[in-house]
Amino acid sequence: MSSAVPADATADPPDPADEGAADATITPYRDGPLIVRGDFRLVDQDGAEIDPGRKTVALCRCGKSGIKPFCDGTHKRSGFSAPSAPSRPRPAAAIVREARRPDPA
């Protein structure tokens with residue numbers, strides 16, 4: 001199995017306003033899962049929808065969950081460690097945000 005990231009996975013995500021997409025918040029918890037709250041769609045890499053069954057879900061970050069893509073708490077037993085915030089700034093993201101700001105003139 002290849003661990004390579006597909007080229008389209010690194011592209012900027014689509015603008016939710018363009019798709020009429022949902023209003024969701026994703027929070028990475030320190031040493032734990034990604035908590036997704038709100039209206040969202042969860043799809044696999046082929047575009048098939050995954051029914052989360054609720055409006056708040058925990059997605060696995062450690063890779064050891066038995067119910068992937070959902071978290072089952074295995075990160076606690078496996079010693080998974082990850083910060084809540086990025087460990088380094090994302091300069092490209094700042095450039096994109098700046099470009100989207102309306103011109104103050």
Side-chain angles (χ1 to χ4, degrees):
M1 173 181 261
S2 172
S3 63
V5 176
D8 60 346
T10 59
D12 285 338
D15 185 345
D18 293 343
E19 295 182 9
D23 183 22
T25 301
I26 303 171
T27 307
Y29 273 72
R30 184 178 306 110
D31 302 334
L34 296 171
I35 303 297
V36 183
R37 293 180 178 93
D39 293 326
F40 61 89
R41 282 184 63 227
L42 184 60
V43 297
D44 68 15
Q45 68 183 16
D46 298 321
E49 191 149 354
I50 299 169
D51 180 8
R54 57 187 58 176
K55 287 196 174 264
T56 299
V57 296
L59 297 179
C60 177
R61 278 203 301 172
C62 75
K64 307 232 185 267
S65 172
I67 57 171
K68 292 179 194 89
F70 304 104
C71 175
D72 67 359
T74 302
H75 60 273
K76 295 174 187 171
R77 293 186 301 279
S78 70
F80 176 72
S81 177
S84 175
S87 57
R88 58 189 171 98
R90 295 190 55 217
I95 292 168
V96 170
R97 271 193 310 273
E98 194 65 33
R100 288 184 179 164
R101 287 191 183 156
D103 190 9

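Remark: side-chain polar atoms of S65 are paired, donor with acceptor, to backbone N or O of F70 under 3.5 angstrom.
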Stepwise side-chain contact (heavy atoms from CB on, under 4.5 Å) test for F40 and I26 = CA-CA 10 Å; F40 61 89; I26 303 171; over 6 Å; no

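For residues 57-75, no pair satisfies salt bridge (Lys or Arg N to Asp or Glu O under 4.0 Å), with sequence neighbours left out.
A side-chain contact (heavy atoms from CB on, under 4.5 Å) with V57 holds for exactly one of P33, P52, C71; it is P52.
Residues meeting the side chain to side chain donor-acceptor pair (under 3.5 Å) test with R30, sequence neighbours left out: none. By the side-chain contact (heavy atoms from CB on, under 4.5 Å) test, D44 is found to be paired with D46, A48, I50, residues two or more places apart in sequence or in another chain being considered. Contacts of K55 classified as salt bridge (charged side-chain N to carboxylate O under 4.0 Å, His left out), with partners at least two apart in sequence or in another chain: D39.
Clustering of Ile, Leu, Val, Met, Phe, Trp and Tyr by side-chain heavy atoms under 4.5 Å joins Y29 with I35. Hydrophobic cluster membership of V43, counting Ile, Leu, Val, Met, Phe, Trp and Tyr whose side-chain heavy atoms lie under 4.5 Å apart directly or via other members: none, as it forms a cluster of its own.
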